[in-house]
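Contents: one structure, followed by commentary.
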Number of protein chains: 2
Amino acid sequence: MNSTNTAVSRRDQILREAARLFAERGFHGVGVDEIGAAVGISGPGLYRHFAGKDAMLAELLVGISGRLLTAGKRRVAEAADPEGALDALIRGHIDFAIDDRPLITLHDRELDRLRESDRKLVRQLQRQYVEEWVAVVARVHPGATEREVRAAVHAVFGLLNSTPHLGAQSSLPGRREMSELLRGLALGALGALDSTADWRVTY
Amino acid sequence: MNSTNTAVSRRDQILREAARLFAERGFHGVGVDEIGAAVGISGPGLYRHFAGKDAMLAELLVGISGRLLTAGKRRVAEAADPEGALDALIRGHIDFAIDDRPLITLHDRELDRLRESDRKLVRQLQRQYVEEWVAVVARVHPGATEREVRAAVHAVFGLLNSTPHLGAQSSLPGRREMSELLRGLALGALGALDSTADWRVTY
DNA sequence: TGAGGATGTTAGCGAGCGTTAACTGATGAC
DNA sequence: GTCATCAGTTAACGCTCGCTAACATCCTCA
């Protein structure tokens with residue numbers, strides 16, 4: 001068998017280990033020698049697969065942003081109504097947050113380490129993803145202003161992305177339970193948007 | 001007038017600028033020369049006030065952790081009932097998140113860059129703070145298991161700490177409005193804990 | 001007045017970093 | 001069988017970084 005027959009290419013193997021290390025110790029905190037060691041080769045050996053350390057981070061961030069957006073658009077398009085779209089968005093985001101913890105961490109932590117062009121691309125993908133959410137949430141909670149919806153969507157991202165912070169302890173819920181819990185918390189938080197209109201008139 | 005008469009000492013000035021820079025570009029992404037330049041002196045001049053770059057980060061993280069815990073304990077002690085305690089915890093945390101954005105960012109992002117001893121101290125303070133929340137939330141929502149409460153508390157931290165991610169755009173709510181919105185979202189999220197018991201039996 | 005501490009400065013060291021250069025062995029094509 | 005290509009190695013370069021050393025300036029106060 002040759003290398004192209006293996007399930008994961010060497011490139012993908014490097015990307016996965018790099019994502020883990022970047023998430024654990026920060027982009028600047030990881031050396032190319034360590035990334036190489038994580039896949040069993042020397043540091044300079046990485047340059048057969050990537051143009052540089054920056055290129056690895058760029059590919060990781062563009063990849064996750066693009067996949068989040070693509071999956072989000074698909075789920076919204078397939079949904080029967082706004083409520084179904086919102087639930088699909090939430091479930092989809094939770095799957096990403098749980099399955100690709102390191103990438104979700106990098107996604108909102110190391111964006112500023114990218115070259116200008118890559119950063120603009122990732123930001124554009126992120127913005128489109130946010131818009132997808134904002135449009136759906138605005139339809140489900142028509143009483144809230146757009147500013148409120150936008151801030152609430154960011155807050156819910158923070159809520160859903162909280163999983164990486166709890167390093168796999170035994171005292172935590174399992175995957176299934178955690179997924180349902182996060183879904184309930186997110187829906188509960190957004191449900192508060194229906195009450196804000198009442199509060200607002202009291203000021 | 002002498003330097004001790006100024007409202008903020010040079011030390012505090014350095015700490016504030018260092019916090020901002022660390023939050024913006026990461027601990028390893030900021031050089032001592034930049035920190036010095038931010039307060040109008042050269043890089044090595046900082047060593048008259050701090051033992052090293054690590055010491056600045058340590059003081060920042062120990063400080064914010066300690067202040068969060070102290071304020072949290074005080075608010076819980078002063079509350080009349082669990083509901084009041086929870087509301088006070090939420091309001092207090094929001095104040096920190098909005099007023100000390102950079103510190104809140106560092107607080108859950110650069111912890112691993114600390115020396116072992118400092119890291120243990122900060123983690124202990126953080127753990128105590130979490131316990132304060134868990135105890136209160138468990139009393140307000142007695143139907144949820146402790147694992148659920150613990151995960152929910154972390155998720156609410158993620159929600160409340162989401163403010164730093166929205167760089168001061170004009171399309172965002174003001175301080176007062178944002179504070180009330182976050183409070184509503186947090187209460188709404190935790191309110192979902194009362195429904196989890198119902199979901200749970202369906203599995 | 002002048003000694004001494006507080007708070008700066010510039011020059012430079014030593015380590016670590018990302019990256020390139022030069023070379024080596026295995027593999028598959030003709 | 002030879003030869004190109006792929007995927008790796010080690011050595012080394014140039015740069016940046018945190019930090020120290022040595023020196024300068026100002027303020028205070030006996």
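Just so we're on the same page: letters track the sequence lines, and every chain starts at 1. Remember, predicted model here, so these are calculated numbers, not experimental data.
- Rounding to whole angstrom units, CD1 of residue A:Ile35 and P of C:dC17 are separated by 11 Å.
- An OP1 or OP2 oxygen of C:dG8 is reached within less than 4.0 angstrom by a side-chain nitrogen or oxygen of B:Arg10.
- Nucleic acid contact class of B:Gly52 (heavy atoms, under 4.0 Å, all strands): sugar-phosphate only.
- Here A:Asp95 pairs with A:Arg175 in a salt bridge; the nearest charged N to carboxylate O distance falls below 4.0 Å.
- Across all strands shown, B:Val39 has no heavy atoms under 4.0 Å from either base or sugar-phosphate atoms.
- Look at A:His49 and you'll find a side-chain N or O under 4.0 angstrom from OP1 or OP2 of D:dG8.
- As judged by a 4.0 angstrom heavy-atom cut-off over every strand, A:Gly45 is placed among the base-contacting residues.
- If you take CZ of B:Arg11 and C1' of C:dA6, they are 14 Å apart, rounded to a whole angstrom.
- Using a 4.0 Å cut-off, some side-chain N or O of B:Ser42 falls inside it from OP1 or OP2 of C:dT9.
- The side chain of A:Tyr47 sits closest to C:dG18 out of C:dG18, D:dT20, C:dT10.
- With A:Ser162 contributing its side chain and A:Leu159 its backbone, the two residues share a donor-acceptor pair below 3.5 Å.
- Look at CE on A:Met56: it is 10 Å from C1' on C:dG18, rounded to the nearest Å.
- The CD1-C1' distance, from A:Ile14 to D:dA7, rounds to 10 Å in whole Å.
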Criterion side-chain contact (heavy atoms from CB on, under 4.5 Å) on B:Arg91 and B:Leu182, from CA distance to verdict: CA-CA 9 Å; B:Arg91 288 181 187 276; B:Leu182 287 174; over 6 Å; no
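- For A:Asp33 and C:dA15, the CG to P distance is 17 Å, given to the nearest whole Å.
- Closest to the side chain of A:Pro44, out of D:dA22, C:dT10, C:dA21, is C:dA21.
- Summarising the geometry, the separation between CZ on A:Arg113 and P on C:dG18 is reported as 14 Å, rounded to the nearest angstrom.
- Taking atom CD1 of B:Ile41 as the reference point, atom C1' of D:dA24 lies 15 Å away to the nearest angstrom.
- Checked by atom type and distance alone, the side chain of B:Glu146 never pairs as donor or acceptor with a backbone atom of B:Ala135 at under 3.5 Å.
- Note: CZ (A:Phe50) to P (D:dA7) measures 12 Å, nearest angstrom.
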side-chain contact (heavy atoms from CB on, under 4.5 Å) assessment of B:Trp133 paired with B:Val156: CA-CA 10 Å; B:Trp133 274 72; B:Val156 167; 4.1 Å; yes
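- With C:dT7, D:dG18, C:dA11 as the choices, the nucleotide that has an atom nearest any side-chain atom of B:Lys53 turns out to be D:dG18.
- Residue A:Arg48 places its side chain closer to C:dC23 than to any other of C:dC23, D:dG18, C:dT7.
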